[in-house]
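Reading through the C-alpha cells given below for one structure.
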Amino acid sequence: MESNDIKSAKDIRLIESALEGFLPDGDCLEKNLIEAMRYSLMAGGKRIRPRLALEFSRINGGADGEIMPAACALEMIHTYSLIHDDLPCMDDDDMRRGKPSSHKQFGEATALLAGDALLTLAFKTIFSGMNSQNAVRRAKCAEILAEYSGARGMIGGQIIDLESEGKNPELKRLEIMDRKKTGCLIKAGCLMGCIGAGVCDEKKLAAAESYGECIGLAFQIVDDILDVTSTTDELGKPVGSDEMQKKATYVSLLGIEKCRETANEMTNRALACLDVFDGDKKPLRELALALARRGK
Ligand code: GRG
C-alpha cells in the first residue's frame, strides 16, 4: 500500500519528474547557471509544500495535472529561499540537503543568480498550460504565491529574523517571525491547492489556511527540536547552528518538553480544520502527523 508518510515515494516522484520538465534546457551559454538551478532544485528534500498543494487539490476533487505547475512553482520559491538563506551575507551555511550549499559548489555570484532565476521561473511555471478555463485560478495562485513569499510573507519573516539577531526576542516576536518565514509558504501550498481545484467557499479557504498555519508552527517547533537532538548526517545540514548563532528558538524559550506539547497541540488543531472538507481526509491527516513526528 502506498504510504503517505513524510517520504511518500509516489508523490515525490511525481513532483520531481514535473520539476525536471520545467527546468530550462542547459545546452547553452548559460549552462552553469542552469546546472546550479538543477543542483539545488533536484537535491531531494521532503517536497512538503508541493505535496500540500496536491493534497488540498485532491481533497477538493482537483486533478493532479492541473495543480502541478503551481505546486512546482512553490518548490522553486522554497529552493531559491534556501539558496539565498545559505549565502555568506545570510546564514553562511556550507551544507544543504546533504550536499555542499550552492555558493560552496558554484561560487557566490552564481548561487545568487540561481536563486533569482528559480524565483522568476516559478512565475513562468505557474502559467504553464494556462487556458481560457483555468486562467482566473492560475492568476489567483500567482497572486497568493507573490503575497505569501514577499515582503509581508516569507521575506518579511527573514528580515525580522535578521533584525532580531543578538536581541534575544521574546516569544511573541519569534512566533510572528516563524509564521511568516516558515508558515507563509506552507499556507500558500494549502490555499493554492484549494484555489486550483476551484474552491470559492470562504469557510473551506479559511480552514485550509488555518491547517497550514497550525502545521507551519508545529513544523518550525519540530525543526528547532531537531536542531538540538539530531545529527548533521541525519539532517543533511549542520545541527546546533541556532545555539551557535545565539538565535532564540522555541527550544531556548520554552524547553523541549513544552515544545513537544505545543507541536502536538498545533497538529491536533490542524486535524480539526479538515472537518469542513468532503473528500478523503486521510492523506492530509497523515501528512500533519508525519511532519510532527519526523526525524529530519
Ligand atoms: C533569504 C529570501 C530568503 C528567505 C529565507 C525560508 C527562509 C527564508 C529560509 C530557509 C531557512 C530555514 C532554516 C527556515 C526555517 C525552516 C525551514 C523552512 C526549513 C527548510 O524546509 P524543509 O525542512 O526543507 O521543508 P527540505 O530540504 O525538506 O525542502
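Quick note: numbers below take in every heavy atom, side chains included, and nothing from hydrogens, waters or symmetry partners. Start at 1 and go down the list; that is how both ligands and their atoms are numbered.
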Run the side chain to side chain donor-acceptor pair (under 3.5 Å) test against Glu265 and tell me which residues pass, sequence neighbours left out. Arg269
Considering only NZ, NE, NH1 and NH2 on the basic side and carboxylate oxygens on the acidic side, decide whether Lys281 and Glu55 come within less than 4.0 Å. no
Could you tell me whether Glu170 and Arg173 have a side-chain N and a carboxylate O separated by less than 4.0 Å? no
Those residues with a heavy-atom separation under 4.0 Å from ligand 1 are Gly45, Lys46, Arg49, His78, Tyr80, Ser81, Leu82, His84, Asp85, Arg97, Met154, Gln158, Lys181, Thr182, Phe219, Gln220, Asp223
Quick one: do the Tyr250 and Asp178 side chains pair a donor with an acceptor below 3.5 Å? yes
Are Ser40 and Arg96 close enough that a side-chain donor and a side-chain acceptor fall under 3.5 Å? no
Lys/Arg-Asp/Glu bridge criterion (N-O < 4.0 Å) met for Arg47, Glu75: yes
